[in-house]
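All remarks here apply to the structure that follows.
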Amino acid sequence: QVQLVESGGGLVQAGGSLRLSCTLSGRTFTFYAMGWFRQAPGKEREFVAAISWSGVSTYYSDSVKGRFNISRDNRKSTVYLQMNSLKPEDTDVYYCAARFARFYGDDYYPHTDSVVDYWGQGTQVTVSS
C-alpha cells in the first residue's frame with residue numbers, strides 16, 4: 001500500500017519558520033519526483049515547490065521563491081519543505097505529492113494536479129499576523 005505521510009504543520013507568527021516532512025512508503029522513493037502543493041478553502045490547489053528524483057533540480061512558485069526550500073533524503077524516503085519568512089497569505093493546507101519519474105529527466109516533476117500519482121493527507125499551516 002502506498003502512503004505519503006506528512007508532518008510538521010502548525011501555527012506560527014508572521015516572519016517565523018516551519019519545516020514540513022513527507023515520507024513515502026510502499027514505493028521506491030528514488031523513482032519519484034516529489035513536490036508540495038497548497039490549497040485554501042474554496043480555491044484550487046496550487047503548486048508550491050518540487051524536486052527531481054535525483055535531487056539535483058528544484059522548482060518553486062514565484063510566491064515562495066527565496067523563502068522556501070525543498071530537499072529530499074533518499075535514505076529516509078522523505079522530502080522536506082523548509083518555510084522561512086512566513087506570511088499570513090501562506091496559510092493553507094499543504095499537500096505532499098509524488099510523480100513517477102524513473103526513465104525521465106530532471107525536468108519531470110509534479111507541477112499540476114493532473115500529473116500527480118500520489119497525494120499526502122494534507123497538513124495545516126497557519127500564519128498569524
Side-chain angles (χ1 to χ4, degrees):
Q1 183 180 359
V2 181
Q3 277 193 310
L4 284 172
V5 179
E6 302 157 0
S7 62
L11 173 64
V12 65
Q13 287 189 329
S17 299
L18 281 175
R19 188 176 82 156
L20 306 182
S21 302
C22 171
T23 300
L24 174 67
S25 61
R27 289 291 184 270
T28 302
F29 186 66
T30 52
F31 288 1
Y32 289 84
M34 302 297 295
W36 292 91
F37 289 70
R38 65 188 183 186
Q39 187 173 26
K43 293 187 176 181
E44 292 187 356
R45 192 148 36 187
E46 66 170 356
F47 169 78
V48 175
I51 187 166
S52 62
W53 66 270
S54 67
V56 171
S57 300
T58 56
Y59 306 89
Y60 299 93
S61 67
D62 289 341
S63 60
V64 307
K65 198 172 296 182
R67 300 187 297 122
F68 291 12
N69 183 67
I70 188 170
S71 60
R72 63 189 294 157
D73 185 339
N74 288 340
R75 296 168 301 170
K76 297 182 179 180
S77 298
T78 299
V79 61
Y80 304 97
L81 185 67
Q82 178 66 45
M83 305 185 293
N84 301 320
S85 302
L86 282 161
K87 305 174 182 180
E89 52 263 43
D90 293 317
T91 295
D92 273 324
V93 177
Y94 284 70
Y95 295 90
C96 178
R99 183 184 191 187
F100 183 77
R102 195 183 185 199
F103 310 126
Y104 297 95
D106 265 15
D107 59 350
Y108 204 76
Y109 62 94
H111 58 285
T112 65
D113 279 18
S114 61
V115 303
V116 173
D117 294 306
Y118 303 110
W119 291 101
Q121 80 282 4
T123 185
Q124 176 71 47
V125 171
T126 303
V127 184
S128 64
S129 56

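Applying the salt bridge (Lys or Arg N to Asp or Glu O under 4.0 Å) test to D117 and every residue at least two apart in sequence or in another chain returns nothing. R67 is linked by a salt bridge (Lys or Arg N to Asp or Glu O under 4.0 Å) to D90, counting only residues two or more places apart in sequence or in another chain. Remark: E46 pairs with R38, D92 by the side chain to side chain contact (heavy atoms under 4.5 Å, CB included) rule, at least two apart or across chains. Take V12 and apply the side chain to side chain contact (heavy atoms under 4.5 Å, CB included) test, not counting sequence neighbours, and it matches L18, L86, V127. The side chain to side chain donor-acceptor pair (under 3.5 Å) test applied to Q124 returns T126, not counting sequence neighbours. By the side chain to side chain contact (heavy atoms under 4.5 Å, CB included) test, T28 is found to be paired with T30, F31, residues two or more places apart in sequence or in another chain being considered. Annotation: salt bridge (Lys or Arg N to Asp or Glu O under 4.0 Å) contacts of R27 (sequence neighbours excluded): none. D107 pairs by the salt bridge (Lys or Arg N to Asp or Glu O under 4.0 Å) definition with nothing, not counting sequence neighbours. Residues passing the side chain to side chain contact (heavy atoms under 4.5 Å, CB included) test with S61 are F47, S63, V64, sequence neighbours excluded.
With contacts defined as side-chain heavy-atom distances shorter than 4.5 Å, the pair W119/C96 does not qualify. Looking at heavy atoms from C-beta onward, Y59 lies out of side-chain contact with I51 at the 4.5 angstrom threshold.
The structure places CE of M34 at 11.5 Å from CG of L81, a figure rounded to the nearest 0.5 Å. For the atom pair CG of N69 and OG1 of T58, the computed distance is 7.0 Å after rounding to the nearest 0.5 Å.
Among residue pairs with one or both ends in residues 100-129, none qualify as disulfide bond (SG atoms under 2.5 Å apart); sequence neighbours excluded. Residue pairs satisfying the ring-ring contact (aromatic ring centres under 6.0 Å, His included) criterion with at least one member in residues 77-106, sequence neighbours excluded, are listed as follows: Y32-F100, Y104-Y108. Sorted by first and then second residue, the salt bridge (charged side-chain N to carboxylate O under 4.0 Å, His left out) pairs with a member in residues 73-88 read D73-R75; sequence neighbours excluded.
Hydrophobic clustering (side-chain heavy atoms under 4.5 Å, transitive across Ile, Leu, Val, Met, Phe, Trp, Tyr) groups M83 together with V48. In the hydrophobic clustering of ILVMFWY residues, with side-chain heavy atoms under 4.5 Å counting as a link, F68 and V56 come out apart.
Proximity of a side-chain donor or acceptor of E6 to a complementary backbone N or O of C22 within less than 3.5 Å is not detected. Judged by distance alone, the side chain of R19 and the main-chain N or O of Q82 form no donor-acceptor pair under 3.5 Å. Using a distance-only test at 3.5 Å, with no hydrogens or angles considered, a donor-acceptor pair links the side chain of Y60 to the main chain of I70. For S57 (side chain) and S52 (main-chain N/O), no donor-acceptor pair under 3.5 Å exists by modelled atom type.
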Candidate pair T23 and S77, rule side-chain hydrogen bond (donor to acceptor under 3.5 Å, both in side chains), full reasoning: CA-CA 6 Å; T23 300; S77 298; over 6 Å; no
Stepwise side chain to side chain contact (heavy atoms under 4.5 Å, CB included) test for L24 and V2: CA-CA 7 Å; L24 174 67; V2 181; 3.9 Å; yes
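When all heavy atoms of T78 and S21 are compared, the closest pair comes out as CG2-CB, 4.2 Å. Between V115 and P110, the closest heavy-atom pair is CG2-CA, 4.0 Å. Residues A14 and S129 come closest through the heavy atom pair CB-CA, 4.4 Å. A pairwise comparison of heavy atoms in R72 and F29 identifies NH2-O, 3.0 Å as the closest pair.
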